[in-house]
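For ligands, and for the atoms within them, numbers begin at 1 and follow the listed sequence.
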Amino acid sequence: MPVDMTHPVLTTLESVLDTARPLTSGAVADYIPELAKVDAESLGISLVSSRGDVHDAGDSDIAFTIQSVSKPFVLALALDEHGLDEVTKHVGLEPSGEPFNAISLDAETGRPLNPMINAGAMVTSSLIAGATADEKFAVIKDGLERFAGRDLIVDEDVFDSETSTGDRNRALAYLALSTGSLAASVDVATAAYFRQCSVAVTARDLAIMAATLATGGVNPTTRERVISEDAARWTTAVMTSCGMYDDSGTWMVNVGLPAKSGVGGGIVAVQPGQFGIGTFSPRLDERGNSVRGVAMLEALSKRYGLHMLSHRGEPHSPVGSLRSEEGRTVAELRGEIYFAAAEEIFTRLTPLMNDDGCLVLDFSNVTRVGLAVKELFRAVPQLVGETSSGQPRAIVVDPDGVLDEA
Ligand code: DON
């Protein structure tokens, strides 16, 4: 019989909602008139693990427009399509320390400072394949849908409202065009960007999209690879430095998760390798970040130590046991071996590869080896050579071929 127990993660998310609910400061965005029509009290949060488990609390299935939360995902699509070198010919990677709609172009290159402010985001949208706004948006929508794992629709009323009040964005796009950064006409780039901002999503969609960045580009609910691992890492890096506009530095200290906010009231946050979170609450602070969304993520991060730079204690040693067997020393290695574990193995075991005998590096219980360190291990027997009596100083035992996997 199933145990009658509320999932502790749900209890956690609900307590975080309770922390945020009393906060009534801030205001719903109204510079795009249609945005002001949302229910200011809506409050939701979802967390999706990198295995694809979904945990929803509160209004996690109420639709709202994605707005600037689209920026990292469209950046990811552009990076996936063109690579970092090409994208950075058009837009920089430096935090601007300025509001989202600032006139912020690099004095030397003329590029918008980063892809998270509007000027840079319109440049990113202009880089997406397609000659017309419709063609570009079709690629963007398809990409956002693969990130979310479901079909999405455009809120046409918000789109119309955004288009009719978008002169500041047009002005920013003209500036980016004048410096050679914009890769399409102003009309094409702004129309694609306005449509991308008007896509309707839920907090659950945002959590799945964030989890897709957390896994290095594979949507954990559909198992589809949406973007390359490189594109996911580059995007998460930009979110880390620029995702919360002129609050990004304070955010990284207090919350410590790469994130992106939007004036629709959504925030995405990524814990690389572990999970994604989506929050929704429409009232915004003066920087355009959701007041309750920030409070929820701060509370979660502080209570559960989610800061990505938290010290997590000493890792397990990769050397499981050292034993003597038929005149040889056998080092049984274990777990996942990346650079730091390889450093420990070489530091501890190299002195044992001496003239008195042979060291066996046994990889039978190793589950994974980092790409770059594989080569180091494969080269060991040759590097340390033979004893004066012609015996190998080191032998690598790798029955499952973990050192051979690409
Ligand atoms: O560019 C704009 O004005 C909006 N469509 C998106 C801005 C946004 O979400 C800024 N984020 N906090």
> Is there a donor-acceptor pair closer than 3.5 Å between any side-chain N or O of His90 and the backbone N or O of Ser181?
Replying inline: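 Yes.
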>> I'd like to know if the side chain of Arg225 reaches the main chain of Ile227, judged simply by a donor and an acceptor atom lying under 3.5 Å from each other, with no hydrogens or angles considered.
In response: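 Checking the backbone N and O of Ile227 against the side chain of Arg225, a donor-acceptor pair under 3.5 Å is found.
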>> Closer than 4.0 angstrom, basic N to acidic O: yes or no for Asp53 and Arg51?
In response: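 Salt bridge flag = yes for Arg51 with Asp53.
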Heavy atom under 4.0 Å from ligand 1: found in [X]'s side chain, backbone, both, or neither?
X: Asn118; answer: side chain
X: Tyr193; answer: side chain
X: Ser68; answer: both
X: Asn169; answer: side chain

> In ligand 1, which numbered atoms sit nearer than 4.0 Å to a non-hydrogen atom of Gly288?
Replying inline: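 Here the atoms of ligand 1 in question are 12 (N).
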List the closest protein heavy-atom neighbour of [atom]: residue, atom name, distance to the nearest 0.1 Å.
atom: atom 11 (N) of ligand 1; answer: Tyr245 OH, 2.9 Å
atom: atom 2 (C) of ligand 1; answer: Tyr31 OH, 3.2 Å
atom: atom 5 (N) of ligand 1; answer: Glu162 OE2, 2.0 Å
atom: atom 6 (C) of ligand 1; answer: Gln67 OE1, 3.2 Å

> Can you check side chain to side chain contact (heavy atoms under 4.5 Å, CB included) on Thr212 and Arg146, steps first, answer last?
Replying inline: CA-CA 9 Å; Thr212 302; Arg146 287 187 295 128; over 6 Å; no
>> Looking only at distances, can you tell me whether any N or O atom of Val263, backbone or side chain, sits closer than 3.5 Å to an N or O atom of ligand 1?
In response: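 Indeed, backbone or side chain, Val263 has an N or O that close.
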> Do Gln67 and Thr65 have side-chain N/O donor and acceptor atoms under 3.5 Å apart?
Replying inline: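 There is such a pair between these side chains.
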> If you round to the nearest 0.5 Å, how far is CG of Leu297 from NZ of Lys302?
Replying inline: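 The CG atom of Leu297 is 11.5 Å from NZ of Lys302, to the nearest 0.5 Å.
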>> Working to the nearest 0.5 angstrom, can you tell me the gap between Leu333 CG and Thr367 OG1?
In response: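 Rounded to the nearest 0.5 Å, the CG-OG1 separation comes out at 11.5 Å.
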